[in-house]
J.: 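Provided herewith is a single structure, encoded as structure tokens, for subsequent inquiry.
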Amino acid sequence: MAKRSKKAAKKVVSRKAPMRGTAKRSAGKFVYFFGTGKAEGNRHMKDTLGGKGSGLAEMTNAGLPVPPGFTISTDACNLYYKLGGKVPPAVDAEIALHVKRLEKAAGATLGSTENPLLVSVRSGAKFSMPGMMDTILNLGLNDAAVEGLKRRTSNGRFAYDSYRRFMQMFGSVVLEIPKSAFEHEFEVVKKARGVSLDTELDEAALGEVVEKYKAVVRKHSGKPFPQDPNDQLNMARNAVFRSWHNPRAKEYRRIYDIPDAIGTAVNVQMMVFGNTGDRSGTGVGFTRNPATGAKEFFGEFLINAQGEDVVAGIRTPQPISELARVMPKAYAQLRQITTRLEKHYKDIQDFEFTIQDDRLYMLQTRSGKRTGYAAVIIATDLVKERLVTPKEALLLVDPEALSQLLAPGFDPKEWKSITAATRGLPASPGAACGQVVFTSDEAVKWSDQGKPVILVRRETVPDDIHGMWVSQGVLTATGGMTSHAAVVGRQMGKPSIVGAGELAIDEHGKTFTVKGQTVREGDWVAFDGLTGEVKIAKVSSQPSEILQVMAGKMKTADSDIFGRFNQLLTWADKFRRLGVRANADQPDQAELAYKFGARGIGLCRTEHMFFGEGRIPIVQRMILADNEADRRAALAELLPMQREDFYGVFKAMHGTPVTIRTIDPPLHEFLPKREDLMVEIAIMEATGKSGRSLEEKKTLLARVEQLHEFNPMLGHRGVRLGITYPEITEMQARAIMEAACQLNREGLKVVPEIMIPLVGLVKELRDQKVIVDRVAAEVMKEQKIKIKYLVGTMIEVPRGAVTADEVATEAQFFSFGTNDLTQMTFGFSRDDVGKFLRVYQDKKILDKDPFATLDAEGVGQLVAMGVEKGRKTRADLKVGICGEHGGDPSSVHFFHKVGLDYVSASPYRVPVARLAAAQAALSVKVGD
Ligand code: ADP
Ligand code: MG
Ligand code: MG
């Protein structure tokens, strides 16, 4: 969901930015320099440079204060993997050359005892993966260089603080020594000095920490801490490459559908220091509020600190507005730069900066991850501010964001009646209610059992990604608005509250206490991610504001978000080529779908109506009939009911096309289960009951046994039912036509589309079409009215797709039933696929669940072939799709490309489909 859709080629605004729109990588080049006002890369080179590298290059070219450095390309990473974990000598040489270039630009030398160059080694893939991969700061320090740094800056405390940071990062990331080993030593020194903050340690104490760290390294790795900066650099680079395949990065890519093959780039950049004292600091921020979308400068910073400190939640950072007070000049410059970046990228920016002795440096910029709610607010605001056109705005919103807006909120009365236990920072909006768990593994376990959970952590770490994913919401005791939990929560659209400092969490004891109240694992907690309030209770929820407006319970004018939602979708409608219909079986669903913007029904499943009140006994009588006359009698009773249903559905759709499918499932689905009947009969016999009711049960059991099928999905269903029991098709065709005639007489022009399921042979369809046409003629004669209707088929049996040219001689329309088509093309039962799908994904046999995202290479080829062959026979053949894939954005892209006329999705997915269809039209041409 989160992977941002392809952005339209945006115009470069800055005059300084060269190479407009170019994104060429040169063969044989693996390293790209940036510094002193010029970079070899630019914003269009994310594939090669990763997001971070391309942003650094772009900012450099725009003349912004960016420390110089170079980016080792993703190609080098992929080569590293291809060669089994080696960097080829040619690339090594290219890197060495760029180290020289960097030394020149920085005026410092790696490893020098006079003026040592220190660098950061930063990971950065094409798609940002917050906290998933590793970065090392202050590389280049060793026992001699740290003294050089001390002399040069006359700041021994700073020099040793940098060294101990470097050793810890290098030790854990490169040498893979547990972080806790270092943290333990750090705590020992802090305790001995009686301080609680790292900033309170002086030079001598930090020197002691360094000595202790050396011992830790020797003990765990068996070797002394590497002193040669070139070795350090090579080792760090390889560790970043390796981090691409660490478990949490892999899990992240799985969740967000990021391909494994793209690799990461490595950025080597001159260090600037936020930890030289009180005139220095570091921070992160957003040009707008990423949780609510509000236009406000947003962020946090720490005085006298280095990069990681802000996000790690070790010290609680200050809101960025404080910076205006303590360093007004740097603050003003930061505002000015980031406003410019937002204009340039035409999107909310998420940036990192460091201030060294009052001088501001930019270290990163990228499009900010935001909640679905914020995405809609920001996109519509940017249009209002004339920063983007509606067309561009459409590309700024992930279609899934719209489904987030439809998620329920708390029942306001109930919510108000409970007092809040505490408050935290509102990191990601939404109502969350569930049972408390304290670890991500437990979260997964509980949610597998179908329980809604709230993950409560002191702070979340990147390893918690799987637990966050399955939770209703995430609640942490520490961390700020830019902490890991906050960033990831927003991106997932997970309600999140961070920094709820009053929570005293005992993760081992699986409890937390707040204001004297103890909450145990399994207890219910509810919180509102928009306000930050936490309540110890189970609270029921109610429909989202947008749904309330649609239901007429709230006035359109009173809902800002509804207006924006509607605006965005209205824009989408202007650009999309695909029609959007809904799968709906009942008038109320159809009405909702129409309100969501569906203009037609792509699939109305008539058998769902059989389950309606009082109907099942009639349906069962129809099934149990052992002769045609009895069957017809039962069908005659069903006829008026079906007619009424169809009348309602047609009417709810205001004359837009409605496709009604004739009966599809195997008949046993309408009968009681064999086992249940056997138990009932046994009980009746054991309790001495006899007579009619027992005999009836026995007859039923006999019929159930007769209808039993070994493989019902491939059994007596779909068109096969209509062929063996033509009277069922007759009744349904009659009900449809009678309803349509009645409406036409009432002045609503409806054109029914009658759809025969599961056709693999043209003769199957012909058989049914003869019946439909005959009945239709009868009805029109009786009703003395002529109306237009279509007869078509679902293409869901592979043979139907392969012989689509023949099928089209009878079919006036096709609708791809991609659920069954996927099932039958793979030979995967869609009800049993869960047993092995995860293993298939883990083993990389399949990337994605083909029932969720259309398998373009396999099933998609059958769709493409079906469209082409069908239209060869019948140029005006209407073609749509009605499987679950109709509401999946990437599948919608595919359907657009192969030239379908419409997609049909479940009512709640209609907005998603409308936006996805527009994005598809804006980024790919049909037939590309
Ligand atoms: P992440 O992707 O996890 O944010 P980064 O590579 O951006 O990792 O770096 C982690 C932290 O270190 C960030 O706060 C960043 O600003 C800081 N940082 C990275 N490189 C430098 C540098 N050359 N000088 C100062 N701080 C740096
Ligand atoms: Mg970063
Ligand atoms: Mg089907």
Side-chain angles (χ1 to χ4, degrees), residues 34-35 49-56 59-60 65-72 102 105-106 108 110 117-141 158 161-162 165-166 168-170 172-173 233 236-237 239-240 243-244 246 248-249 252 264-276 280-286 299-302 304-315 317 334 349-357 359-369 461-462 465 480 482-484 486-488 491:
F34 57 88
L49 304 178
K52 202 176 284 169
S54 104
L56 289 168
M59 286 197 291
T60 303
V66 176
F70 56 84
T71 303
I72 305 170
L102 177 55
L110 206 56
L117 168 67
L118 304 194
V119 295
S120 60
V121 178
R122 318 172 65 185
S123 60
K126 177 174 180 184
F127 303 105
S128 94
M129 299 166 50
M132 293 300 130
M133 288 184 298
D134 298 315
T135 280
I136 294 157
L137 304 183
N138 309 326
L139 186 140
L141 280 176
F158 153 69
D161 184 50
S162 303
R165 287 170 184 272
F166 171 50
Q168 167 159 355
M169 276 186 256
F170 192 92
S172 66
V173 172
L233 183 58
R237 172 200 62 199
V240 172
S243 72
W244 178 250
N246 72 33
R248 60 172 196 257
Y252 188 92
T264 181
V266 179
N267 300 287
V268 177
Q269 186 177 26
M270 182 187 95
M271 283 301 301
V272 287
F273 300 99
N275 58 331
T276 60
S280 300
T282 185
V284 298
F286 291 81
E300 293 170 326
F301 78 109
L302 273 174
N304 197 9
Q306 252 187 350
E308 302 286 314
D309 298 352
V310 179
V311 279
I314 299 167
R315 273 156 63 193
L334 183 66
Q349 293 298 295
D350 164 0
F351 53 84
E352 292 174 2
F353 65 94
T354 282
I355 297 167
Q356 176 176 342
D357 304 321
R359 256 186 85 175
L360 174 72
Y361 294 92
M362 296 304 294
L363 290 168
Q364 194 172 324
T365 194
R366 64 181 172 209
S367 282
K369 298 201 188 295
V461 292
I465 182 120
T482 51
S483 63
H484 175 264
V487 171
V488 176
Q491 180 186 15

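In this text the structure is predicted, and so the values were computed from the model without any measurement. Each ligand, and each atom within it, is numbered from 1 in the order the structure gives.
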J.: At a 4.0 Å cut-off, with the gap strictly under it, does some heavy atom of Gln306 reach an atom of ligand 1?
T.: no
J.: Should one rank Met362, Met271, Lys52 by closest heavy-atom distance to atom 6 (O) of ligand 1, which comes out on top?
T.: Lys52
J.: Specify side chain, backbone, both or neither for Gln364, according to which of its non-hydrogen atoms lie closer than 4.0 Å to ligand 1.
T.: side chain
J.: Do Ser123 and ligand 1 have an N or O pair less than 3.5 Å apart?
T.: no
J.: Which atoms of ligand 1 are found less than 4.0 Å from any heavy atom of Met270?
T.: 22 (C), 23 (N)
J.: With the Mg ion (ligand 2) at the centre, find the angle made by OE1 from Gln364 and OE2 from Glu352, to 10°.
T.: 90°
J.: Counting distance only, does the side-chain N/O of Thr365 pair as donor-acceptor with the main-chain N or O of Gly55 below 3.5 Å?
T.: no
J.: Between Asn138 (side chain) and Ser162 (backbone), is there a donor-acceptor pair under 3.5 Å?
T.: yes
J.: Answer with side chain, backbone, both or neither: which part of Val272 has a heavy atom less than 4.0 angstrom from an atom of ligand 1?
T.: both
J.: If you measure every N/O of Thr282 against every N/O of ligand 1, is any gap under 3.5 Å?
T.: no
J.: Side chain or backbone of Leu137 under 4.0 Å from ligand 1, or both, or neither, by non-hydrogen atoms?
T.: side chain
J.: Is any side-chain heavy atom of Pro65 closer than 4.5 Å to one of Arg359?
T.: no
J.: Taking side chain as C-beta onward, heavy atoms only, is Ile136 less than 4.5 Å from Phe166?
T.: yes
J.: Are any of the N/O atoms in Arg366 less than 3.5 Å from those in ligand 1?
T.: no
J.: Does Asn246 reach the main-chain N or O of Met132 with its side chain, forming a donor-acceptor pair under 3.5 Å?
T.: yes
J.: Would you find a donor on one side and an acceptor on the other, under 3.5 Å apart, between the side chain of Lys52 and the backbone of Gln364?
T.: no
J.: Can you tell me which portion of Glu352 lies within the under-4.0 Å heavy-atom range of ligand 1? Options are side chain, backbone, both, or neither.
T.: side chain
J.: Between Thr264 (side chain only) and Gly124 (backbone N and O only), is there a donor and an acceptor less than 3.5 Å apart?
T.: yes
J.: Please answer whether the main-chain N or O of Phe353 pairs with a side-chain N or O of Thr282 as donor and acceptor at a distance below 3.5 Å.
T.: yes
J.: Short N/O distance, under 3.5 Å, between Leu363 and ligand 1?
T.: no
